[in-house]
Protein chains: 2
Amino acid sequence: MSPRPSGGQAATATRVALVAGAIETLREVGFAGASARQIARRAGCNQALIFYHFGSVPDLLVAALEEISARRMAAYRTLLDRTGSIAELVDAARAIFIEDLDAGHVTVLVEMISGAQSVPGLGERVKACLEPWRDFAETAVREVLASAPIQVPAGQVAHALVAGILGLELLAHLDSDRSSGLALFDQARTIGDLLDRLRPLAGLLNLKQGDT
Amino acid sequence: MSPRPSGGQAATATRVALVAGAIETLREVGFAGASARQIARRAGCNQALIFYHFGSVPDLLVAALEEISARRMAAYRTLLDRTGSIAELVDAARAIFIEDLDAGHVTVLVEMISGAQSVPGLGERVKACLEPWRDFAETAVREVLASAPIQVPAGQVAHALVAGILGLELLAHLDSDRSSGLALFDQARTIGDLLDRLRPLAGLLNLKQGDT
DNA sequence: GTCTATACTTGGATAGAC
DNA sequence: GTCTATCCAAGTATAGAC
């Protein structure tokens, strides 16, 4: 669809600026306010370039979401690499949550999900972008709770976790207050710490453990 | 601001139709697609009437949200009246969640929260509409867990609960699948049932219970 | 109170100069 | 590749007929 000429160096810079502008616009005025002119102004270039490089405004917005999705996945994966305690992982997750909140990554995601209602076919593409986030969450839950003394359905917990993050983002933005959300991480940290202490007892308490 | 002539019977019918149309529009095409013309078409009346009766489109949308908020609060309060078991209350909450999901009540709320980004001052008004929902959630958590054998911060749990509902709504709409959310209620039902069985032991287990 | 008609603004998208 | 200029569609809002 989009031209994407092969050898453009300046073109790449423009596309990067437009994606950054799209993210900034989604953050500041939401999906409903993300017009081509608003985005171009923040990108510091002409409005017509959006259509030249991306074809349409929704296409650019999807590209922006994909960019964020890819960047955050990289950051998240470093989380799973630390195979330390659960409490340690909760701390790291909290730090990343703050980072996402301040940078507006989740805002962009939420705006795209709710905004998808008004553009036919957009929902499918947003859904595809969200898939890695869900997979990551499920993997994280599975790994973290593998050694825990309780048996939980990882898929459901992951679903609740993703939903929780999205909901907290909505509320945090509405209230201009992120402390309410962070307090929940502190709560999780306490529970995680408890699970860490109980871990040595895992073998004793696993009554109906099926897997290895 | 709005005229609201005192003795209009037909006028009231029109306002009702417009509010209903606004809700339907927010559900079907979201905040970004909720234009005066779209709403008027669904309300079966003229676009100009929106400005006559409500002053502006955002004002009508807020009125629609207030309408929903009031109606749902009435339904929710019947929940708290049943002072039965926790499991029973989870069942009732599940039924209401389904009702809200199918009728699109939460969709309207989510669209208004995320859409508020693009209209200066709208956020404050949406926030005011959300307040009763939060208060209700906190009261519900407090009452339900008062007799439970564990000590929990009701405010934080309520905040997480509201966030969870909003997030589940976002995901349910994106996936056109509400079963993932409902599965969590089944999970909660199991936990509630566990708490019900443990309730007789509450006196024994309360190690650091401060209140009555 | 409700409609038609319209003024005005903004947004999506394209053509063509450079 | 990027800009200016422009067309057209859709939106908000108002004036005035009925």
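Computation of the quantities below employed the complete heavy-atom set of this structure, encompassing side-chain atoms and omitting hydrogens, waters and symmetry-equivalent molecules.
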Side chain to side chain donor-acceptor pair (under 3.5 Å) partners for A:Arg71, two or more places apart: A:Glu67
Distance below 4.0 Å between B:Ser35 side-chain N/O and D:dG11 OP1 or OP2: yes
Parallel, tilted or perpendicular: rings of A:Tyr76 and A:Phe136 (30°, 60°): tilted
Whole-Å gap separating P (C:dA15) and CZ (A:Phe51): 13 Å
For residues 29-40 of chain A, which side-chain N or O atoms pair as donor and acceptor with protein atoms under 3.5 Å away, sequence neighbours left out?
from, atom 1, to, atom 2, distance (Å)
A:Ser35, OG, A:Gln38, N, 3.2
A:Gln38, OE1, A:Arg41, NH2, 3.4
A:Gln38, OE1, A:Arg42, NH1, 2.9

Nearest non-hydrogen partners of B:Thr107 and B:Leu26, listed with the distance: CG2-O, 4.4 Å
Any B:Leu194 side-chain heavy atom under 4.5 Å of B:Thr190 side chain: no
Nearest heavy-atom neighbours spanning A:Ile96 and A:Ala75: CD1-O, 3.7 Å
Side-chain N or O of A:Ser56 closer than 4.0 Å to phosphate OP1/OP2 of C:dG12: no
Interatomic distance where CZ belongs to A:Arg41 and P belongs to C:dT10 [whole Å]: 13 Å
Rounded interatomic separation in angstrom, taking CG from A:Leu18 and C1' from D:dG1: 12 Å
Nucleotide nearest A:Thr14 when distance is taken to its side chain, options C:dT2, D:dG11, D:dT2: D:dT2
Pairing of A:Arg142 and A:Glu138 as salt bridge, 4.0 angstrom limit: yes
With sequence neighbours excluded, residues passing side-chain contact (heavy atoms from CB on, under 4.5 Å) with A:Ala87: A:Ser85, A:Arg189, A:Asp193, A:Asp196
With the criterion being N/O to N/O and under 3.5 Å, what pairs connect the protein with nucleotides 16-18 of chain C, and how long is each?
none

Whole-Å distance separating the OH atom of A:Tyr52 from the P atom of C:dA15: 14 Å
Interatomic distance, B:Phe54 CZ vs D:dA13 C1' [rounded to whole Å]: 16 Å
Report all interatomic pairs (protein N or O, nucleotide N or O of nucleotides 4-9 of chain D) with separations under 3.5 Å.
from, atom 1, to, atom 2, distance (Å)
D:dT4, OP2, A:Asn46, ND2, 3.3

Qualifying salt bridge (Lys or Arg N to Asp or Glu O under 4.0 Å) pairs, either residue in residues 92-102 of chain B, two or more places apart: B:Arg72-B:Glu99, B:Arg72-B:Asp100, B:Arg94-B:Asp186, B:Asp102-B:Arg178
Rounded distance (Å) that lies between atom C1' of C:dA13 and atom CD1 of A:Ile39: 14 Å
Interatomic distance where CG belongs to B:Leu49 and P belongs to C:dT4 [whole Å]: 10 Å
Rounded interatomic separation in angstrom, taking CD1 from A:Ile50 and P from D:dG1: 17 Å
